[in-house]
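Quick notes on the structure that follows.
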Amino acid sequence: MTTYFSEPQSMYYRFGEDQDQVLKVLAERYIGANAQADFVYRVFQKSGILQNEKGLYDLNLGKRFPDAPKDHMSYAAALVWGDEDRNLDVLVRCYGPVRFYFNEQMVYRSTVMDEISPDATVKLSIDIKPGWNTIWLEMKNTPAGFGCQFGSDEGKVRILNIFAPFQERQGQAGWIFSQPNPAASKQPDLLGKESDYSLNWLPETGWSDEDKTKPAFERIFGNLPGKHAYAWTHLNNNDSTGSQVRLSGQSSGSLSIWISGKPVAQVKDAGPFEVNVPASFGRSDLLVRSECDATAGPWHFNLNATVSGKPLSLELPQRVHGATGESWLYVGPFESEVEPDLQDLTRTDRVYQTGLEQTYWRLDRPDAWIRPYYENAMLSNKWTVGSVTNYGRWDYPLGVTVYGLLRTGRYLQRPDITRYAAEHVQACTQMYEYSLWDREQYGFPAVNQQLVMLKMLDNCGSFGSAMLEAYSECHEPTFLPIAERIADFMLSRLERQEDGAFYRTCVGEYAENTMWADDLYMSTPFLVRYARVTGNSAALDEAARQFSLYRKYLFMPEFKIMSHVYDFKYGQATQIPWGRGNGWTLFSLTEVLEALPAEHPERPALINFFNELCEGYAALQGESGLWHQVLNVPQTYEEASCTAMFAYGFARGVRFGWFKDPEVYVTAAERAWKGLICKAIDRQGNVHGVCSGSRYAFTAEYYDQDLRTVTNDNHGIGIMMLAGTEVAKMKKHLAEHRVSSPAVSHSRQTTEV
């Protein structure tokens, strides 16, 4: 029997059968461990190294230095931050000879075959340590090529954020690289000063001597008569007397000024200006619109603020790492007839239509933009969550977590919990338009990677479902356009077998030409909610249809459970009933059955399928109340997330009246929940015994030996909350009907308790 902690540490030892208290501790522990930390903004220079569509940084130096002499060397350097020890797989694709050093140790030296094979990709494992880790690439120019591609394996999931080395670039994002050099160079101190070394590093951080003679608008945007641009800063008013603030300066054309969204000054003509304006104590947004007037000289304005003769400071309105010494953000240039919404101009989750194009905020530096990054939880190859917050990330395990928080908050009548969950979703969706622009500009998005790339159901279904579940909490306007894109992907563009079954093509990858039980969860709950919100009944019909199709490929009739995967390369199912894969199946089937009208033609078959599966699962429940990692192999370890999903499914089946013989499942659900609070949830609300993210295999050994459990893995936290709420609702339902469980009505009930 699997033991994760001693009995006095268990949730059951502390709270017994007090289900509400268990749910409260689960939700509050998660929220307490995952603070609402927003994206981190950094300086990024577009003239630096960009990523390709797979997330690999493309250091194609042959294109950057087409005239570089043969055998000259270039170097690239970067820093990687580690919050804790973690392992990461990185990929290298060579254009020419490459040497890769990590923390000053050589990890890789390219071979002839690596250099001449256009599709050769080398996978390397690196151990990231707490603190700063250094990357150093040596690349030699040959007639065959010069440079390499470098990045993390599955970059949209295992995010590798690259930071610029050297003190002069501290806080900036991106690589630095050297111009070709005839002599070899040793790795410098990447935490030291760039000026201490003779190599000429790119991209350049300062303006050329010629550009330094130009005013800010002129060197950033050029001379563009009739167009206009905006500058944004924070005015820090430390005067408590209520005196007016004096704004003075000079402009090359008309100028409009707003403080805290209110117009305070209008300068019509070029030349000096001076105005007295009201300004609240503390920090206020100061926004300036400047128009380019070709007759008044270079495009510029300058502005000083004083109160009672004392100067007031101006500072960046958004914390931007690497922007030391800067006070203003700039956006433009806008066509003469285009006027952006002023409310949108004092926020950083928008892109701005300038005419036919879009733009975003930038700095008074060469080709330097501000760029948001997701720098919260880092994921290893085993999906192990780091010690920092998961807030603001869009991925499928967090979709389950958000769903669990929403349901728990409603059940406990705790609007603070539901608000936290909804705001996590909003943090993603409000940056969606920006993240699309970010990909267009830089090759690969820095935020919302999975949603933007949208190549498989994992990328959208789970979190998309949670998004629509959260819609009733906040009616966020960004939710529905994203839902439309996801629905179009599922219903119109997703890969299908000839019979219409969803599957994964994944050409050239390990999962090529396969069908996964997991994908019932990655698709059907979203389709159910999309149909509910939009009234699109075709989406609900598709959800029901997929269950009938998946049953044909994955159902194991001798056990009445599901194989994890069907591999079309071999024309057969793996015949390995992974616990969580079956949990996803039952979980999702209950969501579809709850939504299907009584007269729906698929409903009788799906009710029968539900009863078949539950019969199979109930027969394999262990003595502890938990199920095993591979359901029909009792030698494999007891696994918590599948147990929670079976408890969830059984409890819903009882409450909605889907069982022919509900008494068995009342007992099984209660045993499962007690097993979880005794063996998988400790008294602090930590969740143990949850299998890490899975690939697939034809042997049970892979699932048992290679997929080990992870504490507080997001594959399990949300489903624990969902199981707890559903078992509690089942008990309340049975108590209110004052009947013994065998007599529970078989009618369809949809009332949310």
Side-chain angles (χ1 to χ4, degrees), residues 37 39-40 42-45 48-51 55-59 74-94 98-110 122-139 147-178 185-194 196-197 199 201 203 321-322 371 373-390 393 444 446 449:
F39 304 107
V40 175
R42 297 189 180 277
V43 176
F44 182 80
Q45 291 179 265
I49 303 298
L50 306 183
Q51 291 169 275
L56 298 179
Y57 293 93
D58 193 0
L59 293 97
S74 278
Y75 304 90
L79 300 176
V80 174
W81 177 259
D83 285 291
E84 59 187 14
D85 290 313
R86 65 186 182 102
N87 177 264
L88 186 72
D89 284 348
V90 296
L91 305 179
V92 181
R93 301 188 67 182
C94 299
V98 174
R99 291 190 181 191
F100 163 41
Y101 294 81
F102 188 72
N103 289 334
E104 301 188 36
Q105 300 295 314
M106 189 169 72
V107 176
Y108 167 71
R109 181 177 69 85
S110 61
V122 179
K123 181 184 290 190
L124 306 165
S125 180
I126 58 174
D127 293 318
I128 297 174
K129 302 300 182 184
W132 287 115
N133 297 259
T134 61
I135 295 177
W136 178 258
L137 297 175
E138 297 179 356
M139 295 162 285
C148 69
Q149 295 177 14
F150 183 96
S152 68
D153 187 21
E154 297 186 81
K156 67 185 179 184
V157 176
R158 297 169 178 91
I159 301 168
L160 177 64
N161 285 321
I162 293 292
F163 303 97
F166 295 132
Q167 293 176 16
E168 294 91 331
R169 301 175 189 253
Q170 184 177 358
Q172 297 182 28
W175 296 80
I176 64 170
F177 57 100
S178 73
S185 175
K186 292 184 179 180
Q187 176 177 329
D189 178 6
L190 298 181
L191 298 176
K193 291 185 177 180
E194 182 176 343
D196 289 344
Y197 302 95
L199 287 176
W201 292 104
H321 294 266
R371 195 176 181 195
Y373 288 86
Y374 178 80
E375 292 182 8
N376 291 342
M378 300 297 184
L379 301 179
S380 78
N381 291 331
K382 298 298 184 184
W383 295 82
T384 307
V385 179
S387 60
V388 287
T389 175
N390 291 298
R393 180 178 174 89
F444 193 80
Q449 290 89 350

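Because only heavy atoms are used, hydrogens play no part in the values below, and waters and symmetry mates are left out as well, while side chains stay in. As the structure is a prediction and not an experimental result, all values here were calculated from the model.
The line from CD1 of Ile128 to CG of Asn133 is 6.0 Å long, rounded to the nearest 0.5 Å. Taking CZ of Phe150 as the start and CG of Leu160 as the end, the distance is 6.5 Å to the nearest 0.5 Å. Tyr75 contributes atom OH, which lies 7.0 Å from atom CG of Leu199 (distance to the nearest 0.5 angstrom). Atom CZ of Arg93 and atom CG of Leu59 lie 13.5 Å apart (nearest 0.5 Å). Summarising the geometry, atom CH2 belonging to Trp175 is positioned 14.0 Å from atom CZ belonging to Arg169; distances are rounded to the nearest 0.5 Å. Atom CZ of Arg99 and atom CZ of Arg109 lie 6.0 Å apart (nearest 0.5 Å).
Arg158 is not listed as a side-chain neighbour of Asp89, based on a closest heavy-atom distance of 4.5 Å or more. Two residues are said to be in side-chain contact when any heavy atoms from C-beta on lie closer than 4.5 Å; Tyr197 and Asp189 meet this criterion. Annotation: side chain of Arg42 is not in contact with side chain of Asn161 (no heavy-atom distance under 4.5 Å). Here the side chains of Trp136 and Glu104 are not in contact, with every heavy-atom distance at 4.5 Å or above. Within the 4.5 Å cutoff, the side chain of Ile176 has heavy atoms near those of the Pro165 side chain. Contact check for Cys94 versus Tyr108: side-chain heavy atoms found under the 4.5 Å cut-off. Counting only heavy atoms from C-beta outward, the side chains of Pro130 and Asp85 approach each other to under 4.5 Å.
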**OP:** Test side-chain contact (heavy atoms from CB on, under 4.5 Å) on Phe166 and Leu190 and set out the steps.
**Re:** CA-CA 5 Å; Phe166 295 132; Leu190 298 181; 4.1 Å; yes
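Listed for the Asn87 side chain is a donor-acceptor partner under 3.5 Å among the backbone atoms of Ile126. Glu168 places a side-chain N or O within donor-acceptor distance of the main-chain N or O of Glu194, the cut-off being under 3.5 Å. A donor-acceptor pair is defined here as one N or O able to donate and one able to accept, closer than 3.5 Å; such a pair exists between the side chain of Ser74 and the backbone of Ser178. Looking only at distances, a side-chain donor or acceptor of Tyr374 sits under 3.5 Å from a matching main-chain atom of Asn390.
At most 12 heavy atoms of other shown residues, nucleotides or ligands fall within 6.0 angstrom of atom CD in Gln170.
Smallest separation of non-hydrogen atoms from Phe44 and Ile49: CZ-O, 3.8 Å. Residues Arg393 and Val157 share a closest heavy-atom pair of NH2-O, 2.7 Å. For the pair Val92 and Cys148, the tightest heavy-atom approach, listed with the atom from each and the gap, is CG1-CB, 4.4 Å. The two residues Arg371 and Phe444 make their nearest non-hydrogen contact at NH2-O, 3.0 Å.
Of the options Ile162, Val90, Leu79, Val107, a side-chain contact (heavy atoms from CB on, under 4.5 Å) to Ile135 is made by Ile162 and by none of the others.
Taking the ring pair (Phe, Tyr, Trp, His ring centres under 6.0 Å) definition, one finds that Tyr373 meets it with nothing, sequence neighbours left out.
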